[in-house]
Amino acid sequence: MRLSELFFTTLREAPAELEMPSARLLVRAGYIRQLGSGIFTLLPLGFRVAQKIEAIIREEIDAIGGQEMSMPVVHPADLWRESGRYQKIGPEMVRFKDRASRDMVLAMTHEEVVTDLLRDIVQSYRQLPLIVYHFQTKFRDEPRARGGLIRVREFVMKDSYSCDLDSAGLDRSYRLHYDAYTRIFERIGLETVPVGADVGMMGGSLAHEFMVLNPLGEDTLVLCENGDYAENQQIAGVRKPDSAPEDALPLEEVDTPGTTTIASLAALLEVGTDRTAKAAFFADRSGRLITAIVRGDFDVNETKLANAAGALDLRPAQAEQIVAAGMVPGYGSPIGAHDTLVIVDDLVAASPNLVAGANRDNTHYRNVNVPRDFAPDLVTDIVNAREGDTCPHCGGRLRLANGIEVGNIFKLGTDFSAALGATYLGEDGERHPVVMGSYGIGLGRSLACVVEAHHDDKGIAWPASVAPYAAHLVAIGGARDASVTDAAEGLYQRLTDAGVDVLYDDRDESPGVKFTDAELLGMPLILTISPRSLAAGGAEVTVRATGERSIRTIEELEAELVAELVAR
RNA sequence: CGGGGCGUAGCGCAGCCCGGUAGCGCGCCUGCUUUGGGAGCAGGAAGUCGCCGGUUCGAAUCCGGCCGCCCCGACCA
């Protein structure tokens, strides 16, 4: 491709509203353009990268037996009513009516459609197992798009679905995807950490997320220094510290003016935050008040709390509701409370003589003991693992890191097949629900993560596997020296004819512009042909990622690039 | 949805406080010169100042409403 003909432009300065390095570079280099909040166009360069990533994913999913197909983006709402998600999912699903007033939705994911196909097509155990997949647009009306391509509302996902006879089959399909994902991300140049994860709206029993470590990532990961433990903080286990045994002392009221935070309370009473109990108040969608009690040195984990409460989602409770339940925000505890579900962290239950709210302004109790002073509805782990906590596996130190989720794998089980009636007739003559798994990779997000991982202050430095072109050919001084143009045109022609993708900067621009753009665009190799390089014997080859330069004859260069193409 | 910020030419910005002919840099077009690190000179094109309404002789500027975008939080497969 000749740069003079490519539909693109580079920008000296990125649009002010973009902060994420990948978004700034992709816009500046002419790979993407933003149309609206969380809605992007892939320009020809960006589209080529997406296609390269897609091709790698396709190879790997085909290799584990996946059959590619294509499912629609617009679905009848009734299908989603059957699975229950029409009611369960909030406003992030776009709903509308067609001209006949039928309720429709935009696809956020495709479990329902796959399951609908299964109940239509699969009758016998002989038709299983199978893996189907597609690359398709999803629309999720995120409350807040952010980070360029990292969190968008419209995006293409590779989603595959495994359909098995039983859970042993699902285990195999899950493992196949786990290994395929590991290869895929390695091939596209992403270092990922698979972490155990919450199953969220997918339901099912087991899930992993493939995370790219990135300080701007939206997820918090809990990692063991010994490398034997990696989980999303949403579900990460916590080995609780032991508390020294003490006899329960009598409840004692204490004046604590102006101490609505644990920090100020502990400072006033001159005790550690680990001697306090913290109350946090949430409401679920049905309006039920949930009071969470954790030790003052820990934070509430809302995912664990929601799972413990059996709640679909949690929101901070309104002060009026807390007061109506007999508690005082800032000085709250379940002592004397009513009309609330009380969920207590197991560490609180094991810690004697804590300071807790007295449900009166400026007043706390000392020596609160569970269950002597209030009766929990449930005692379980509802706190976040912290930096430096003890690994539940090996006793090593845990560290926290931010990550971006580029892929996920879920064991769905039979939730969808049972709800929609996707069953097969087994060898035993009985009907059984198909056992399903669901596996996603976000294309655009992966693309952005590659840029996050492969760039410098000059621009992008694509890994060869996903670069839109294998090389960027720059001709310098062609206007004065016809031999430069001849050599560059000749090399471009022969490489192109040989099937090597070359981006050829044939524009009438100054050397500075051409070099700067080449570095910004980020092809793995920059080939410079100029009077100087010709005098030195051919073309100058610069490895974009390392800056390493060397001179090759045109023939060597051709042979090398063609050989590399064949190798891939 | 709560908090904060921003909308003026393709991009980056000034002008707004204190109302009076819409500006700067880059980019773009034409010509000449230049050609190994974002060239020089000359000429030129391009803006409903986000939208609607109000105040005023007069609004980019003041007032009200709305819309859009970004950041933090909430939320999130």
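Residue numbers start from 1 in every chain, and the chains themselves are labelled A, B, ... in the order their sequence lines are given, proteins ahead of strands.
Between A/Q34 and the phosphate of B/C70, there is a side-chain N or O to OP1/OP2 separation shorter than 4.0 Å.
B/U48 and B/G3 have their P atoms separated by 34 Å, given to the nearest Å. Comparing the same atom, C1', in B/C57 and in B/C72 gives a spacing of 46 Å after rounding to whole Å. One P atom belongs to B/A46, the other to B/C29, and the distance between them is 15 Å to the nearest Å. Taking atom C1' on both nucleotides, B/G23 is separated from B/U61 by 15 Å, rounded to a whole Å. With P as the reference atom, B/C66 and B/A22 are 30 Å apart, rounded to whole Å. Taking atom P in both B/G20 and B/G15, the straight-line distance is 14 Å, to the nearest Å. Look at the C1' atom in both B/C6 and B/C75: the space between them is 24 Å, to the nearest Å. With P as the reference atom, B/G37 and B/G50 are 41 Å apart, rounded to whole Å.
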Discussion item. Within the 4.0 Å limit for protein heavy atoms, which parts of nucleotides 30-35 of chain B are touched? Write it as a string from 5' to 3', B for base, S for sugar-phosphate only, - for none.
Written reply: -----B
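Annotation: proximity of residues 519-532 of chain A to RNA chain B (heavy atom, distance under 4.0 Å) is found for A/E519, A/T528, A/S530, A/R532, numbered in ascending order.
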Distances for protein N/O vs nucleotides 6-12 of chain B N/O pairs under 3.5 angstrom?
residue	atom	partner	partner atom	Å
B/C11	O2'	A/E13	O	3.0
B/G12	OP1	A/A16	N	2.8
B/G12	O4'	A/E13	OE1	3.4
B/G12	O2'	A/E13	OE2	3.1

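Remark: A/R81 engages A/D103 in a salt bridge, criterion side-chain N to carboxylate O under 4.0 Å.
Among the atoms of the strands shown, base atoms are found under 4.0 Å from some heavy atom of A/D517. Contacts of A/T9 with the nucleic acid, taken as non-hydrogen atoms under 4.0 Å apart, are absent. Using a 4.0 Å heavy-atom criterion, one finds that A/S37 contacts the sugar-phosphate atoms exclusively. Heavy atoms of A/G147 sit under 4.0 angstrom from primed sugar atoms or phosphate atoms, though from no base atom.
Remark: side-chain polar atoms of A/S417 are paired, donor with acceptor, to backbone N or O of A/V434 under 3.5 angstrom.
Looking at which nucleotide of RNA chain B each of A/E540 and A/E209 is closest to, the 5′-most match is held by A/E540.
A/R315 has its CZ atom 12 Å from the C1' atom of B/G2, to the nearest Å. Between the CE atom of A/M20 and the P atom of B/C71 there is a distance of 10 Å, rounded to whole Å. The distance from atom CZ of A/F40 to atom P of B/C69 is 11 Å, rounded to the nearest whole Å.
A ring-centre distance under 6.0 Å is not found for A/Y31 and A/F8.
Checking B/A39, B/C76, B/C75 against the side-chain heavy atoms of A/R146 singles out B/C75 as nearest.
In summary, the side chains of A/W80 and A/H75 do present a donor paired with an acceptor at a separation below 3.5 Å, with no hydrogens or angles considered.
Interface remark: the A/R507 side chain does not form any donor-acceptor pair with the B/G38 base, using a distance-only criterion of under 3.5 Å.
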